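Presented below is the structure to which this report refers.
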Amino acid sequence: MKARKDNGIPDIIQFKRMLRDRGLKATPQRTAVHEAMMALVHAGAEDVAAWISEQGTVRISPASVYNILSLYADLGLYGRRSGQGAKRVFDVRNGAHLHLYDTQSGTWRDLEDDVLMTWLEAHFKGRRFRGCRIDGFDVQLLCHPTRRGPGRKR
């Protein structure tokens with residue numbers, strides 16, 4: 001969607017329009033969930049509920065947060081990821097992109113690699129496998145922290 005910011009995350013006004021286009025009201029709870037996801041990017045329902053609670057904007061249970069996140073994923077607004085112990089994590093950036101998954105901390109980071117994305121898109125374009133057609137792809141690279149850590153010189 002072209003109206004999104006460069007980071008692929010719709011701002012709150014764009015998101016309200018997206019909900020309205022799907023026949024949904026932008027309730028305070030739905031809006032608060034998206035505001036939390038704009039800040040967190042990859043998060044489980046408990047994380048989102050805690051963020052909303054810290055902000056003090058609305059009262060909402062983790063179960064309601066999970067239902068809203070699931071609705072957004074079912075509508076194609078958010079992506080879903082499975083972390084350690086099958087923990088369900090939602091991704092506010094639903095467009096094609098790559099992930100680094102830290103196997104030690106169970107955290108997700110977006111990985112920007114235009115060359116790899118271009119190659120993957122070209123490789124799978126129109127490709128079929130017996131009995132199915134590729135709708136898209138979801139790439140996660142498994143990683144763990146190094147002693148150097150991110151951003152340190154070699």
Side-chain angles (χ1 to χ4, degrees), residues 1-122 124-125 133-145 149-151:
M1 172 172 222
K2 266 193 153 168
R4 290 184 179 199
K5 296 183 209 172
D6 289 341
N7 64 5
I9 301 172
D11 66 27
I12 202 67
I13 293 168
Q14 294 163 339
F15 194 76
K16 286 179 178 181
R17 189 175 310 120
M18 293 165 76
L19 290 176
R20 192 173 45 247
D21 291 348
R22 287 165 175 80
L24 296 171
K25 291 183 180 180
T27 65
Q29 292 80 9
R30 289 177 179 160
T31 302
V33 167
H34 185 65
E35 287 173 345
M37 288 299 294
M38 288 189 320
L40 300 170
V41 183
H42 304 97
E46 304 82 19
D47 306 316
V48 173
W51 190 93
I52 292 170
S53 178
E54 287 173 14
Q55 301 304 309
T57 54
V58 297
R59 291 181 52 94
I60 186 168
S61 71
S64 294
V65 169
Y66 182 82
N67 291 338
I68 291 170
L69 290 167
S70 294
L71 172 67
Y72 291 169
D74 291 344
L75 292 172
L77 301 174
Y78 287 2
R80 285 187 176 97
R81 309 273 170 265
S82 291
Q84 292 173 332
K87 179 183 177 185
R88 183 65 59 164
V89 175
F90 294 87
D91 185 351
V92 73
R93 284 185 65 197
N94 196 31
H97 63 287
L98 308 167
H99 292 97
L100 287 175
Y101 177 68
D102 185 327
T103 57
Q104 290 182 1
S105 68
T107 57
W108 298 85
R109 281 190 322 191
D110 289 334
L111 173 64
E112 302 299 328
D113 188 328
D114 293 338
V115 172
L116 181 55
M117 285 299 296
T118 300
W119 182 86
L120 286 167
E121 288 167 353
F124 288 109
K125 185 177 182 176
R133 175 185 284 163
I134 302 297
D135 293 325
F137 52 87
D138 181 14
V139 177
Q140 62 187 27
L141 303 173
L142 306 179
C143 64
H144 66 274

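What you are looking at is a predicted structure, and each value in this text was computed from that prediction instead of being measured.
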I need the minimum non-hydrogen distance between [X] and [Y], along with the two atoms involved.
X   : Y   : answer
V48 : A36 : CG1-CB, 3.7 Å
V89 : A43 : CG1-N, 3.4 Å
A45 : P62 : CB-O, 3.8 Å
A32 : W51 : O-CZ3, 4.5 Å

About how many Å separate CD of E121 and CG of L116, when rounded to the nearest 0.5 Å?
9.5 Å
Output the distance between atom CD (Q29) and atom OG (S61), rounded to the nearest 0.5 Å.
9.5 Å
Please work out which of the three classes, parallel, tilted or perpendicular, describes the rings of Y72 and F15, given edges at 30° and 60°.
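Rings of F15 and Y72: perpendicular, over 60°.
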[X] side-chain N/O to [Y] backbone N/O, donor-acceptor pair under 3.5 Å:
X   : Y   : result
R30 : K16 : no
S70 : Y66 : yes
R22 : M18 : yes

Within the structure provided, determine whether L19 and L77 are in side-chain contact (heavy-atom separation under 4.5 Å).
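Answer yes - side chains close enough.
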Side chains of F90 and R80: does their closest heavy-atom pair fall under 4.5 Å?
yes
Out of I52, V92, N67, V58, which residue meets the side chain to side chain contact (heavy atoms under 4.5 Å, CB included) rule with V33?
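Answer after filtering I52, V92, N67, V58: I52.
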In a check of side chain to side chain contact (heavy atoms under 4.5 Å, CB included) between M37 and each of I68, L69, D47, which one passes?
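Exactly one option meets the side chain to side chain contact (heavy atoms under 4.5 Å, CB included) with M37, and it is L69.
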Taking it one step at a time, do D11 and R17 satisfy salt bridge (Lys or Arg N to Asp or Glu O under 4.0 Å)?
CA-CA 10 Å; D11 66 27; R17 189 175 310 120; over 6 Å; no
